[in-house]
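Since the structure is predicted, the reported quantities are computational estimates derived from the model, not experimental observations.
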Amino acid sequence: MSSLPSTERLFLAKLTPISRLRLEQRLKQLNEQDLRTLRQVESVLNWSMQNLAFSDQQLIKHAKMVFVGLQSETLKTLVRDKMELRTCVAALRHRAQGENAPDNLNWGFGRWVSHINRNWNETHFALETVFPWLPQAKGFMDNKDAEGMERFILDHAFKQLQRSVNQHYFDLEAVIIYVLKWSIVDRTTGYNIEAAKIRFTELVEQGLGDFEVA
């Protein structure tokens with residue numbers, strides 16, 4: 001961790017604090033098992049490292065497999081929280097397209113899938129106290145505000161990681177959180193409105209797409 005430069009505040013950075021090439025060179029200091037754990041977490045949380053040919057069900061199955069195999073409670077929480085966010089956003093999208101509540105639990109990830117099914121016709125699935133960000137996310141989606149949605153979700157994801165990193169300093173969790181934060185900053189440095197609109201449209205069509213969340 002002492003060899004990694006600090007990440008800047010989200011949306012203020014003009015460049016990533018370190019290139020991906022140099023970051024990968026630093027990551028070679030990890031032992032084989034730790035590097036494998038990093039890649040597993042990235043394969044779930046870093047959208048650019050996922051197989052876009054996978055269906056929603058395949059992505060969820062993979063996420064569950066990785067989740068069960070993780071030994072760290074911190075990393076399990078990161079995977080769970082991110083996948084629950086994606087599940088809520090996917091539910092908003094499906095409902096906005098006029099779809100009925102799914103008739104099974106395989107479409108989403110986490111503790112709230114059955115709850116969402118039961119409360120499909122509630123404005124925010126009766127989850128606004130659990131996920132206070134849901135009403136604002138729904139507003140962005142209803143207004144088809146691609147830029148606003150992307151920035152909002154990225155900011156939320158970055159803050160989730162920031163809260164977790166405050167509990168870790170020189171362990172594997174700290175390294176993984178750093179890499180995930182780097183991925184978010186990397187996206188925002190290439191951010192522009194037109195690209196956001198294209199990404200929004202593509203990801204809306206991909207079910208559990210997270211509007212460029214890492």
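In this structure, CH2 on W107 lies 9.5 Å from CG on D56, to the nearest 0.5 angstrom. The line from CD of Q136 to CG of D145 is 10.0 Å long, rounded to the nearest 0.5 Å. To the nearest 0.5 Å, atoms CG (D142) and NZ (K144) are separated by 8.0 Å. With rounding to the nearest 0.5 angstrom, the SG atom of C88 is 4.5 Å from the CD1 atom of I116.
No chain of hydrophobic side-chain contacts below 4.5 Å, direct or via other Ile, Leu, Val, Met, Phe, Trp or Tyr residues, connects M65 to L105.
Of the possible donor and acceptor atoms, none in the side chain of N106 sits under 3.5 Å from a partner among the backbone N and O of Q57. A side-chain donor-acceptor contact under 3.5 Å links W120 to the backbone of E99. Between the side chain of H124 and the main chain of K138, no donor-acceptor pair closer than 3.5 Å is present. Of the possible polar contacts, one joining the R86 side chain to the L45 backbone as a donor-acceptor pair under 3.5 Å is found. At least one donor-acceptor pair under 3.5 Å links the side chain of E84 to the backbone N or O of R111. A side-chain donor-acceptor contact under 3.5 Å links Q58 to the backbone of S55. In this structure a side-chain-to-backbone donor-acceptor pair under 3.5 Å is present from N119 to H115. Side chain of N143 to backbone of G139: a donor-acceptor contact under 3.5 angstrom is found.
Across every non-hydrogen atom of V130 and P132, the tightest pair is O-CD, 3.4 Å. The two residues S183 and R20 make their nearest non-hydrogen contact at OG-NH1, 4.1 Å. The nearest pair of heavy atoms linking N117 to A101 is O-CB, 3.7 Å. In this structure, L70 and K76 approach most closely via the heavy-atom pair O-CE, 3.0 Å.
In this structure, R95 forms a cation-pi arrangement with F125, its terminal cationic atom sitting closer than 6.0 Å to the ring centre and no more than 45° off the ring axis.
Remark: the S72 side chain and the E173 side chain contain an N/O donor-acceptor pair separated by less than 3.5 Å. Using modelled atom types, one finds a donor on one side chain and an acceptor on the other under 3.5 Å when comparing Q162 with K181. A donor atom on one side chain and an acceptor atom on the other are found under 3.5 Å apart for R36 and Q33.
Between K159 and D155 a salt bridge is recorded (basic side-chain N to carboxylate O distance below 4.0 Å).
The aromatic rings of F152 and H156 lie parallel to each other, with less than 30° between the two planes, well short of the 60° mark.
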